[in-house]
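Chain A is the first sequence line, chain B the second, and so forth, proteins listed ahead of strands; every chain is numbered from 1. Remember, predicted model here, so these are calculated numbers, not experimental data.
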Amino acid sequence: MSLRVTLAVAARVLAQLRRDPRTIALIVGVPCLLEALLKELFRGGPVFQHAGPPLLGLFPFVTMFLVTSITMLRERTSGTLERLMTMPLAKLDLLAGYGLAFALVAVVQAAVVSLLSFGLLGLHVEGARIVVVALAVANAVLGSALGLFVSAFAQTEFQAVQFMPAMVFPQILLCGLFVDREAMATWLRWISDALPLTYAYDALARTATGTYGSRFVVDVCVVGGCILVALALGAATLRRRTA
Amino acid sequence: MNAVEVERLRVVRGGKVVLHDLSCGVASGSVTGLLGPSGSGKSTLIRAIVGVQRVAGGGVRVLGSPAGAKQLRARVGYMTQTPSVYGDLTVRENLRFFASVLGASRDRVEEAIAEVSLLEDADRVVARLSGGQRARVSLAAALLGAPELLVLDEPTVGLDPVLRRDLWRLFHELAEQGATLIVSSHVMDEADRCTALLLIREGQLLAQGTPAELRARTGAEQLDDAFLRLIETRS
């Protein structure tokens, strides 16, 4: 693994994104709009205070999942991946470069949405706001890693886009945001236990209420572990030799 | 000394045999033309030489190591058939990225841009360039690392005659400096520009040798006719 190559990959991914200001505007603008909508819908009341922090923290997961899976799919279909695989580049350089670039994008996204939510919209968390931002960035990296992995199973961009609802919606439904996990049927809770977003949501909810506890540490470790597993799975789909 | 040694190479893609136990060699310092109609297995052979093709049997040795070996990655330059560069970056940004991966200098980037005559378009976004220009960006990326073996899949398709002549001149200069080049083409009129030829058809080697040898063997003046006669004597 080489730092030079990792940084080169990250810089290249960011340069590509910079060429596409509309995408950047959507990445930052859409979560802002949704937070504002949520606030207006519930008139800033308890539902907004309950769902606002998780929305802020989970949105980067969805965005980066999509952006990474499409970018990586393009890399696979355009032949640039094949070229890179003949060059002195470790697979980890490529993965880390992607992760780094999208983590930086997530920092910007989460920072802007936080400023708006905590400032203008009056969202309130008992825990530290910076923890919400940090969790948002971790979720972004998780989304990137998973996006990288599923891009191997999509032949077209249409398919890649469809993986988003398939991989993300069930996790959001089961994470505990809509229905308390204690109120779920046992088998649903088992599934919920097995999904990474459950832990990401729990960490955000604990930050919102300021009740970190030891469970918070478990949550963060699980999210971190899932990032590593997803990256390893992603690396396994990068083949130097293809049929 | 052969830079590339292909031994009974067998490749199966989608249940179909694309290369039938093909054996051939590429001499060091040669500009070897890999010629054959489209669908003959040229790109598959090229992919096997650069080590990105899964093979069903036989093997390929490149510069003394098995194809695709780690130590070869800095020594082999590869240009894919469709331009494999980033459409949303400029020519220079593309090449600077590949140069960082290869550990090549910024000066080398400028040299490579000049070698493919793209200095005037260096700051244009690749997606806005013509097909021929895009192919040259892709070629420049393969040249960046000053590789010992350059494997180019149809580098001159769609280029105007002047550019084509310039590129062949460049290929010979690189060979004189000690590099080995494999250049595929489906146009027989490029065959005369090569110092050695590999003719393949339907995944099998029809003949290998210098253009003069192939003429002598078939008694044909034009390499096009030589190719035809080789096919006829086979069947």
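- For chain B, the nearby parts of Arg240(A) are the backbone and the side chain; heavy atoms of each come within less than 4.5 Å.
- Residue Arg19(A) holds its CZ atom at 14.5 Å from OH of Tyr86(B), rounded to the nearest 0.5 Å.
- Heavy-atom distances place the side chain of Glu93(B), and not its backbone, under 4.5 Å from chain A.
- Note on Val5(A), Thr242(A), Val9(A), Leu89(A): by heavy-atom pairs under 4.5 Å with chain B, the leading option is Thr242(A).
- When all heavy atoms are compared, the tightest approach of Val85(B) to Arg83(A) is CG1-NH2, 4.5 Å.
- Counting heavy-atom pairs closer than 4.5 Å to chain A, the top-ranked of the candidates Pro83(B), Ser138(B), Gly77(B) is Ser138(B).
- A pairwise comparison of heavy atoms in Arg239(A) and Arg54(B) identifies NH1-NH2, 4.2 Å as the closest pair.
- Atom CD of Glu120(B) has 12 or fewer neighbouring heavy atoms from other residues, nucleotides or ligands inside a 6.0 Å radius.
- Ala99(B) does not touch chain A: none of its heavy atoms, backbone or side chain, sits under 4.5 Å away.
- Looking at every heavy atom in both residues, Met87(A) comes nearest to Ala141(B) through CE-O, 4.4 Å.
- In terms of heavy atoms, Ser100(B) sits closest to Arg4(A) at O-NE, 2.7 Å.
- Proximity to chain A is limited to the side chain of Arg47(B), based on heavy atoms less than 4.5 angstrom apart.
- Note: Leu84(A) leads Leu84(A), Asp93(A), Leu81(A) in heavy-atom pairs under 4.5 Å with chain B.
- Of the atoms belonging to Val125(B), it is side-chain heavy atoms, and not backbone ones, that fall under 4.5 Å from chain A.
- A 4.5 Å side-chain heavy-atom check between Thr86(A) and Val52(B) finds at least one atom pair inside the cut-off.
- Leu89(B) approaches Arg12(A) most closely through the heavy-atom pair CD1-CG, 3.6 Å.
- Environment of CZ in Arg8(B): sparse, with no more than 12 heavy atoms of neighbouring residues, nucleotides or ligands closer than 6.0 Å.
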